[in-house]
Amino acid sequence: MAHTTISKVAFIGTGIMGSAIARHILDAGYRLAVYNRTPEKADALVAAGAVRAASIAEAVRHADVVFTMVGNPEDVEDVYLAGDGILANARKGAWLIDLTTSSPDLARDISEAAEVADLHAFDCPVTGGEQGAIDGTLTLIIGAEEGSLPEQIEELLACFSAKRCYFGHAGAGQTAKLCNQVSFASCIVGYADALALAEQAGLDPHAVLDLILSGTGTSGAASSYAPKSLAGDYKAGFFAEYLRKDLGLALAHSEDFGLTLPGAETAYALYDVLCQIGGARLGGQAITLLYSDEADGIAAGVDWSRAQQDEGDECDCDDDCCCGHLHDGDGCCGHHAH
Ligand code: NAP
């Protein structure tokens, strides 16, 4: 495997996850250039020693490795493939690593386009949540063959992760991540159903959750999200709209195989409603608001009167949208069928 010297790293997208991951890279001693669409979200990193870039081109021009951690597939497409994006501006031989949860097909396209431009690109979505990013203990889901990455890339990845799983080829990391999200989403719906039943039956939901967490009903979703739901803490570590995005991607991908995913379809429908009524930027745990009194919902910022039109009403958004209901508000009616 080719020897690679890494000293300069660029990081595009310093939101909830990106800012915490980039901090580990900085702390590990790499020279870090950062770019975020909303510049203020990179302020803390700049104060800690990162160099602020005024554009993607400026951030990546001299970088040995470029990380991206943006929101949706169209953001990924934009930052990599636009005329002023990464592929057009990265230096020859650079490594491009996308940490965003995005489309498997897009990851493959980017990898192929990078190869043509004498660059190396692979998908590397993550799991472990905001806390995992802060602690540097994420699991990385890598669209590359184990043993195929230079040692210095492995070292760099290790500075913000505890486990790295390899899935053989570009795009496969995204597919594996979507599998994780399908399982995760059904676990969230599972605990939300359970807590609603407990409450209606007059049981103490805290006691029922305690039982679930020590019983066979437990899950990572229940242990990390259900206590927040019960406490009425809907602040996002992981935006509800991103889980809707992930489920939309998983459902679209399952169609490639003629496969039906009933659990994911149910979870998608619930998150779609939550996003429509104002919960897109609440945390995933806000799913329980769909089971709660209207007054609790309003207090948390969701409003059922914002639920969108009935099926059969005219859809005025882009028919080519393949990424689920990503464009909350302007552009998308939220009714693409999968
Ligand atoms: P986030 O806080 O929204 O961060 C995304 C960042 O990317 C934002 O700061 C955004 O800028 C920036 N961005 C988007 N498009 C851009 C563009 N075209 N150019 C430059 N910057 C751009 O989201 P997050 O929670 O960190 O999640 C990021 C990704 O990781 C998502 O795909 C999510 O599904 C996935 N993920 C999240 C978690 C979690 O627990 N949060 C866990 C695993 C995976 P603005 O500030 O201008 O919006």
Side-chain angles (χ1 to χ4, degrees), residues 10-23 33-45 52-60 66-87 89 97-104 106-107 123-141 160-161 163 173-174 176-185 188 220-221 224-225 228 235-250 271 275 280-286 323-324 326-329:
F11 205 106
I12 315 294
T14 55
I16 292 174
M17 296 294 282
S19 56
I21 294 169
R23 186 59 196 250
V34 289
Y35 174 79
N36 194 68
R37 187 172 52 192
T38 306
E40 302 78 56
K41 290 191 187 168
D43 284 356
L45 286 163
R52 189 194 307 278
S55 65
I56 288 177
E58 188 181 308
V60 308
V66 177
F67 285 101
T68 47
M69 185 46 134
V70 292
N72 298 303
E74 59 266 41
D75 300 321
V76 173
E77 189 169 350
D78 193 37
V79 300
Y80 277 92
L81 302 178
D84 55 356
I86 297 169
L87 288 192
N89 289 286
I97 305 175
D98 185 27
L99 306 170
T100 317
T101 304
S102 177
S103 143
L106 179 58
D123 44 315
C124 184
V126 311
T127 184
E130 183 185 17
Q131 198 56 52
I134 291 167
D135 296 342
T137 57
L138 293 169
T139 295
L140 308 187
I141 310 168
F160 59 90
S161 64
K163 184 176 165 96
Q174 294 296 355
K177 166 73 184 185
L178 296 180
C179 294
N180 181 76
Q181 297 308 84
V182 163
S183 177
F184 170 66
I188 292 199
S224 53
Y225 283 67
K228 291 183 183 174
K235 184 175 175 291
F238 178 48
F239 294 123
E241 68 179 335
Y242 286 160
L243 187 47
R244 177 179 64 169
K245 172 254 303 179
D246 296 349
L247 292 165
L249 286 165
Y271 275 96
C275 292
R281 291 255 141 181
L282 297 178
Q285 70 275 18
C323 47
L326 302 179
H327 320 286
D328 198 38

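Remember, it's 1-based here, ligands and their atoms both numbered in the order they're listed. Just so you know, residue 1 is the first one in the sequence shown, and it goes up from there.
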Exercise. Any chance you could measure Met69, atom CE, to Ile16, atom CD1, to the nearest 0.5 Å?
Key: 10.0 Å
Practice problem: Taking only heavy atoms of Gly237 into account, list the atoms of ligand 1 that are under 4.0 Å away from them. | Solution: 39 (C), 40 (O), 41 (N)
Quiz item: Who pairs with Asp43 by salt bridge (Lys or Arg N to Asp or Glu O under 4.0 Å), at least two apart in sequence or on another chain?
Solution: Arg52
Quiz item: How far is atom 45 (P) of ligand 1 from its nearest protein heavy atom, and which residue and atom name does that atom have?
Solution: Thr38 OG1, 3.4 Å
Quiz item: Under 4.0 Å from ligand 1, counting heavy atoms only, is it the side chain of Ile16, its backbone, both or neither?
Solution: both
Quiz item: If you count the atoms of ligand 1 from 1 in the order shown, which ones are under 4.0 Å from a heavy atom of Lys41?
Solution: 9 (O), 45 (P), 46 (O), 48 (O)
Exercise. Quick one: look up the protein heavy atom nearest atom 42 (C) of ligand 1 and list residue, atom name and how far away it is.
Key: Met17 CE, 3.5 Å
Quiz item: When the ring planes of Tyr242 and Phe239 are compared, do they come out parallel, tilted or perpendicular, using 30° and 60° as the limits?
Solution: perpendicular
Self-check item: Proximity of Phe238 to ligand 1 by residue part, where a heavy atom lies under 4.0 Å
Solution: both
Practice problem: Nearest 0.5 Å please: distance from the CD1 atom of Ile21 over to the OG1 atom of Thr14. | Solution: 11.5 Å
Practice problem: Check whether any side-chain N or O of Lys245 sits under 3.5 Å from a backbone N or O of Gly71 as a donor-acceptor pair, and report yes or no. | Solution: yes
Practice problem: Could you tell me whether some N/O pair between Gly71 and ligand 1 is separated by less than 3.5 angstrom? | Solution: yes
Quiz item: Under 3.5 Å between some N or O of ligand 1 and some N or O of Gly13?
Solution: no
Exercise. Using a strict cut-off of 4.0 Å, indicate which atoms of ligand 1 neighbour a heavy atom of Val126.
Key: 43 (C), 44 (C)
Self-check item: Nearest-contact summary for atom 1 (P) of ligand 1 - protein heavy atom, Å
Solution: Tyr242 OH, 3.8 Å
Practice problem: Just say parallel, tilted or perpendicular for the rings of Phe184 and Tyr225, cut-offs at 30° and 60°. | Solution: perpendicular
Exercise. Between Val79 and ligand 1, find which residue part has any heavy-atom pair under 4.0 Å and reply side chain, backbone, both or neither.
Key: side chain
Quiz prompt | Atoms of ligand 1 close to Phe239 [distance to a heavy atom under 4.0 angstrom, numbered from 1] | solution = 2 (O), 3 (O)
Quiz item: Counting from 1, what ligand 1 atoms have a heavy atom of Asp78 closer than 4.0 Å?
Solution: 18 (N)
Quiz item: Near Lys177, which atoms of ligand 1 are under 4.0 Å from a heavy atom of that residue?
Solution: 43 (C), 44 (C)
Quiz item: Nearest to atom 28 (C) of ligand 1 by heavy atom, Ile21, Val70, Thr127: which?
Solution: Val70
Practice problem: Go through ligand 1 atom by atom and flag the ones less than 4.0 Å from a non-hydrogen atom of Tyr35. | Solution: 20 (C)
Self-check item: Within-shell test, Thr100 vs ligand 1, heavy atom, strictly < 4.0 Å
Solution: yes
Quiz item: What about Lys245: any of its N or O atoms under 3.5 Å from an N or O on ligand 1?
Solution: yes
Practice problem: Compute the centroid of each ring, for Phe67 and then for Phe160, and state whether the two points are separated by less than 6.0 Å. | Solution: yes
Quiz item: What atoms of ligand 1 come closer than 4.0 angstrom to any heavy atom of Glu130?
Solution: 40 (O)
Quiz item: Side chains of Thr68 and Asp98: do they bring a donor and an acceptor to under 3.5 Å?
Solution: yes
Quiz item: Under a 4.0 Å heavy-atom limit, does Met69 contact ligand 1 with its side chain, its backbone, both, or neither?
Solution: both
Quiz item: How many angstroms lie between CD in Gln174 and OG1 in Thr100, if you round to the nearest 0.5 Å?
Solution: 7.5 Å
